[in-house]
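One-based numbering along the sequence shown.
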Amino acid sequence: MRDFRIFHKPNYGVSRALIIGIDRYKSAPALGYAVSDATAINNLLISEFNFLESDITLLTDANATRQTIASAFLRFANDDIKLDDRIIVFFAGHGHTRTGSRGEIGFLVPYDADIADFSTFIRWNELTDNADLILAKHILFIMDACYGGLALTRSAGPGSTRFLKDMMRRTSRQVLTAGKADETVSDSGGPIPNHSVFTGHLIEALQGKATTSDGVLTASAVMAYVYNKVANDKSSRQTPHYGHIDGDGDMVLHAPEFDAIGGYANSNDDRLVSVPFFEHTSEYNSTHSKIKRVKALLASDSGVIELHDMLSSEVKHFLTLTGEDTFAPTEQYAISKLEPRLARYEAATLDLGILLACVAHWGRSRHLATLQKCIARSSDRIESKSGSTVWLALRWYPLLLQLYCSGIAAIDASRFDALNAIFRTTLPSSVHQPTSITFLTAASAAVLELNRNDVFRFTVGNEKKTAPVSEYLLRILQPVLDDALFLGKNYEEAFDNFEVYFALCVMDAELVRGEKIPWAPIGRFRRGSMYVNSPLANVLKEASEQQHEWLPIKAGLFGGNLMRFRSAEQSLSSFMSGR
């Protein structure tokens, strides 16, 4: 799905729903509580989540024919459905699975279905394919029916966290079904009388039992709660199926001081919220498979060469994806093209970035040469040519993604030897740079150039930020680093501390070169630099207490010289106070 984050706001426009419940079928066996389930969900959306009755279509029994369901769903493809709308589709009724030549195919059974004629069923793919026509950023399908043939992904692992605003800006198509193929839905016996086991637990989730400790209720939290409850309910013989069919956002149903219209659009408030973990074997995509493989090779005494070859292959793929045929610097610059280009760079880079993060976090000394080689080779296609100054500056953005991914990972693990190796990596000479330079110097120059052109000040939410590059990277990198490294709510601390070391080491390099007016990249840590427990103050305090036993010095940062560090921190403090 196209990346629409440039257009999405951290709030919702109109909240809409299609609610379907079928007890009495034309030819299929009757159910007991499907209509009751649908009516309860309809009423709950109105009373608890500010859905307007006029924005909900409720179809029950004879009104829920194949044609009326299809028409009601495709109504969401009309022009009055906007990007920031959210849509919930609830179905309570029979499901069916047929095994085809390419695997299972799932169907929903409408009121007028002929059990002997599959053309009268609603194939699940009809809904997912037609969802591509709908602009609304968040769609949540909840199906109180059992069927197979679902292609779902689940990217968040145990203990994952996400920024609330970021979840709302990312597109999502989420699905929760009552059970898989060949499972029988329990139409009664759940926690609430006159409701199925599945919908009974769903209602309790929506009424607050799936709300996190900080008052946030998301679709992921609802799915986690319902999955665990239904799978373990004594009256149930079904296991819910759940996940994303597209996107990686999350529908927010409730949050403190949040309402569907106002959201957080006019507030600086944002928070990391926990993404509940489903007690089930995850269906990892290729990125997770790569991470798993790299971790296994790092733990192996004989995997150094295989790790080298695997990461070298990833670098070659990265260079292909980020070539000038895809990111032409001569293309005319426009603000509207900025965030889509950033998103394409991220899609091309983050697989490699997170694998390098794993090496920086868990790798041993013998792996650091491979880490440095991957970083050095990643700069091979950065050459000086004519074009837009913004597009030319952005060609260093993938290298910054690699720097931040690996640097934050090294800081989180207190791997200052890895951080030193990253900073000291020598980049080869080129037309753009006739002499070789360190990655540290190149990265600081890239940040300076991006700041000079105010590139990231034109990204959504960063218009008034004092460190827009830093603020943008904070949110872009959080999901991938949290999934791989389990940083949780320590993520911001690791991010800020990395930027402190980045700035200090750049200042040290400037002083060593004898620059008359030394400069350093000042990240978001500057906001709290006057406080006792600020990221910068904590680093300086630790250095003062540990002196020559301080790990960064022992690892070789600042040339392993405490006096050089002190000169750098004094120059950095003077530089910041003068800004």
TODO: List the steps and the verdict of ring-ring contact (aromatic ring centres under 6.0 Å, His included) for F423 and Y501.
DONE: CA-CA 10 Å; F423 285 162; Y501 283 102; 8.5 Å; no

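- Nearest heavy-atom pair, Q402 versus L352, reported as atom, atom and distance to 0.1 Å: NE2-CD2, 3.4 Å.
- Electrostatic pairing of D483 and R162 counts as a salt bridge here, judged by a charged N lying under 4.0 Å from a carboxylate O.
- Between F163 and Y491, the ring planes lie perpendicular to each other; the angle is over 60°, past the 30° to 60° tilted range.
- The shortest side-chain heavy-atom distance between Y472 and S470 does not fall under the 4.5 Å cut-off.
- Counting heavy-atom neighbours within 6.0 Å of Q332 CD, excluding the residue itself, gives a total of 12 or less.
- For residues 309-323, the pairs satisfying side chain to side chain donor-acceptor pair (under 3.5 Å) are K290-E314, with sequence neighbours left out.
- Annotation for A376 and P428: closest pair O-CD, 3.9 Å, computed over non-hydrogen atoms.
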Check: residues 439-447 side-chain donor-acceptor pairs under 3.5 Å, at least two apart:
residue : atom : partner : partner atom : Å
T441    : OG1  : T438    : OG1          : 3.0
T441    : OG1  : R513    : NH1          : 3.3
S444    : OG   : L440    : O            : 3.3
S444    : OG   : T441    : O            : 2.8

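- In terms of heavy-atom proximity, A255 sits nearest to L164 at CB-CD2, 3.9 Å.
- S571 contributes no side-chain N or O that, together with a main-chain N or O of A568, makes up a donor-acceptor pair within less than 3.5 Å.
- For W391 and Y333, the gap between ring centers is short of 6.0 Å.
- Closest non-hydrogen pair, R341 versus A328, comes out as NH2-O, 3.2 Å.
- The distance between the ring centers of F456 and Y397 falls below 6.0 angstrom.
- Relative orientation of the F502 and F498 rings is parallel, given thresholds of 30° and 60° on the angle between their planes.
- For the pair K295 (side chain) and A484 (backbone), a donor-acceptor distance under 3.5 Å is present.
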